[in-house]
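Working notes, beginning with the structure itself.
Quick note: residue numbers are just sequence positions, from 1.
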Amino acid sequence: MDRNKLVQKKPLLGRRALPPPGDIIPLGAKTRPGSTSESTDPRSLGSGSSLSERKRELPMGGVPIAPKKTKLISPTSLTPLGKSVDTLRPSSSNVATKPDIKTIDVPSNELVERVIEADNNEDDDRIDGILCGALKKLKNNRAKPDPAIYFSLMYLAKVKPLLFESEDVVQCTCNLLKRDIGLSFKSKGNPLVSVLACNLLFHAFLYDDNWHEIFVKVYLEDAMGERVWIDHPQCRDFCNNIQTAFGTKMAPRHLMTPLEQIRQSVTYGEGSSPSRDDSEGGAESTPYHSIDEGDMGSDQPGEAVSARYSLLKDSIEVYVVDFIKDHLTRRQGMDTPRNLLRVLTATCGFPEVRQMAATRLEMWLQNPKLTRPAQELLMSVCLNCDTHGQEDVEVIGQLIRVRLKTKPLINHYLLSMRELLNQHTENLNTVLKHTIYNELSNARNPNNMALLAAIFQHSPETAAKYLAVVFQELLMNRDDYLRAVRALFREIVKSLRYDMDFPAFCRGLMTEKTDKQFSEMEVQFKVCTVLMNSLLHVRSFVITSFVFICADDYR
């Protein structure tokens with residue numbers, strides 16, 4: 001009897017504790033045959049026990065069930081892709097929000113009255129707090145900003161623009177110009193708040209010649225991002241003033257017509273519709289129109305643009321160069337965004353930026369996805385080579401070595417090189433010299449003759465004179481360039497018969513040279529007699545060839 005009682009007191013815990021297979025939840029009283037609800041076992045389940053009670057009273061002898069892992073909610077905000085906001089912020093951005101900015105919330109319909117009342121009481125801290133509170137509300141409701149706050153800030157910027165010059169208000173306004181990372185990456189969002197921020201800052205600093213460096217930083221961030229407000233027509237005056245920090249020459253309007261024709265010949269086929277690249281980049285890729293066209297709504301658009309960063313030029317150049325180097329390091333090879341090329345186009349006023357762009361132009365021009373911004377970048381690089389320093393000489397050397405295959409790209413390349421010749425008086429000599437040396441090298445460019453034709457069409461007499469100087473330098477070289485110069489001269493005459501000024505070329509050959517290279521030739525080489533004889537021989541050959549060419553043309 002004791003043995004049977006002992007067996008009854010120790011039921012099979014493991015079998016009773018096993019849950020039913022699958023996702024079946026048994027309903028009704030949980031009883032077993034031969035057992036009653038008045039069991040003395042404290043762990044037995046009553047008929048009215050719920051599912052949660054049965055889970056809680058799972059005996060220790062049963063099969064252990066792993067508890068569900070709880071989801072840890074990070075205190076940081078997440079983007080739609082699941083990444084943290086901090087990880088998506090660009091490392092090159094130094095635009096940080098001050099945590100100690102105090103905001104004062106006021107009703108939207110009383111914003112103007114409260115600000116004017118605080119201004120009459122000369123309470124600057126209260127003014128900054130009210131304005132920062134209003135700007136914070138706009139930032140939190142970008143999609144549907146409050147019209148009362150929007151128009152109140154516009155009115156205050158028009159009647160009292162100096163209220164927006166304080167450091168805290170400038171910081172809060174610049175925060176409106178940065179992209180909201182919580183938005184979807186495919187949509188730009190509502191640009192209304194960003195347009196308002198641009199116009200607030202523009203009217204506040206319209207008569208100030210020294211603008212804040214933070215404007216350049218938010219400009220570069222938006223230029224590399226979605227370009228929400230940079231390409232907006234209502235922000236044109238503000239952006240044009242920021243672009244004066246780069247010292248970049250924009251292409252005049254008469255150069256845009258040939259460029260548009262080249263774009264159409266490249267992107268459009270016969271009877272075809274515009275490509276996707278044109279449809280989505282038509283409004284974005286217009287950096288050349290910015291200064292020339294002006295704002296249609298302003299009365300005097302040209303007078304609103306002036307130099308704003310003359311005192312911060314060196315620090316801005318260092319920041320821009322580091323910013324571009326960082327993005328070029330991230331994007332190697334053909335995986336280059338078009339916005340990066342547009343940033344390079346806008347910052348070509350810095351010599352180091354031109355040098356970085358020239359080394360990659362050939363690769364970008366050959367990429368069909370980057371053809372349009374690469375053409376604009378080529379034109380911008382050529383227009384800003386106006387110093388003839390060491391960097392510009394290296395840029396010219398890189399441009400001479402660019403190889404292009406399609407005719408539209410070659411035509412645009414020649415158009416850009418013509419503009420390069422106009423930027424400095426020494427550019428023609430440098431371009432001509434690099435072209436001749438490239439033609440005589442093993443890696444000759446097939447576009448050299450076309451480039452020489454463009455040079456002689458630009459300045460026939462000056463180009464002929466410089467060509468004679470280059471030939472004399474080649475003949476005075478250690479190596480024997482006599483045969484190479486003869487063959488090259490025949491090819492030049494064949495290609496440029498009616499464009500070359502032969503009398504100026506012959507006069508250049510017969511002109512006595514007093515340069516240091518020619519005066520010290522006897523001391524350096526000890527073979528001055530042989531070199532002079534070969535030079536005299538070539539001169540006579542060239543002049544005789546010229547006589548025969550003129551006689552042939554006369555007949």
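Two rings, from His434 and Tyr437, have their centers 6.0 Å or more apart. Note: Phe205 and His212 meet the aromatic proximity criterion, with ring centroids under 6.0 Å apart.
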Requested in this report: Go through the steps to decide whether Lys160 and Asp119 satisfy the test salt bridge (Lys or Arg N to Asp or Glu O under 4.0 Å), and finish with yes or no.
Outcome: CA-CA 10 Å; Lys160 293 183 178 295; Asp119 184 47; 3.1 Å; yes

**Report entry** From CA spacing to verdict: ring-ring contact (aromatic ring centres under 6.0 Å, His included), Tyr309, Phe246
**Finding:** CA-CA 9 Å; Tyr309 293 95; Phe246 312 134; 8.3 Å; no

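Each of Leu377, Leu383, Val395 was scored for a side-chain contact (heavy atoms from CB on, under 4.5 Å) with Cys348, with one residue passing: Leu377. Of the options Asp128, Asp125, Asp124, a side-chain hydrogen bond (donor to acceptor under 3.5 Å, both in side chains) to Ser166 is made by Asp128 and by none of the others. Looking at Phe202, Tyr219, Trp211 one by one, the single match for ring pair (Phe, Tyr, Trp, His ring centres under 6.0 Å) with Phe238 turns out to be Trp211.
In this structure a side-chain-to-backbone donor-acceptor pair under 3.5 Å is present from Ser380 to Thr345. Distance alone, capped at 3.5 Å, places no donor-acceptor pair between the Arg236 side chain and the Ile230 backbone. Checking side-chain atoms of Asn190 against main-chain N and O of Ala143 turns up a donor-acceptor pair under 3.5 Å. No donor-acceptor distance shorter than 3.5 angstrom exists from the side chain of Asp146 to the backbone of Ser108, with no hydrogens or angles considered. No side-chain donor-acceptor contact under 3.5 Å links His458 to the backbone of Leu421.
The minimum heavy-atom distance between Asn445 and Arg401, with the atom names listed, is ND2-C, 3.8 Å. When all heavy atoms are compared, the tightest approach of Ala245 to Ile316 is CB-CD1, 3.9 Å. The two residues Asn384 and Gly247 have their closest heavy-atom pair at OD1-O, 3.9 Å.
Salt bridge Lys433/Glu473: present, at least one basic N to carboxylate O contact under 4.0 Å. With salt bridges taken as basic N to acidic carboxylate O contacts below 4.0 Å, one links Arg354 and Asp392.
If you take CD on Glu352 and CD on Glu391, they are separated by 8.0 Å, rounding to the nearest 0.5 Å.
Using modelled atom types, one finds no donor on one side chain facing an acceptor on the other under 3.5 Å when comparing His424 with Thr387.
Stacking of Lys217 on the aromatic ring of Tyr319 is recorded, both the 6.0 Å distance cut-off and the 45° axial limit being met.
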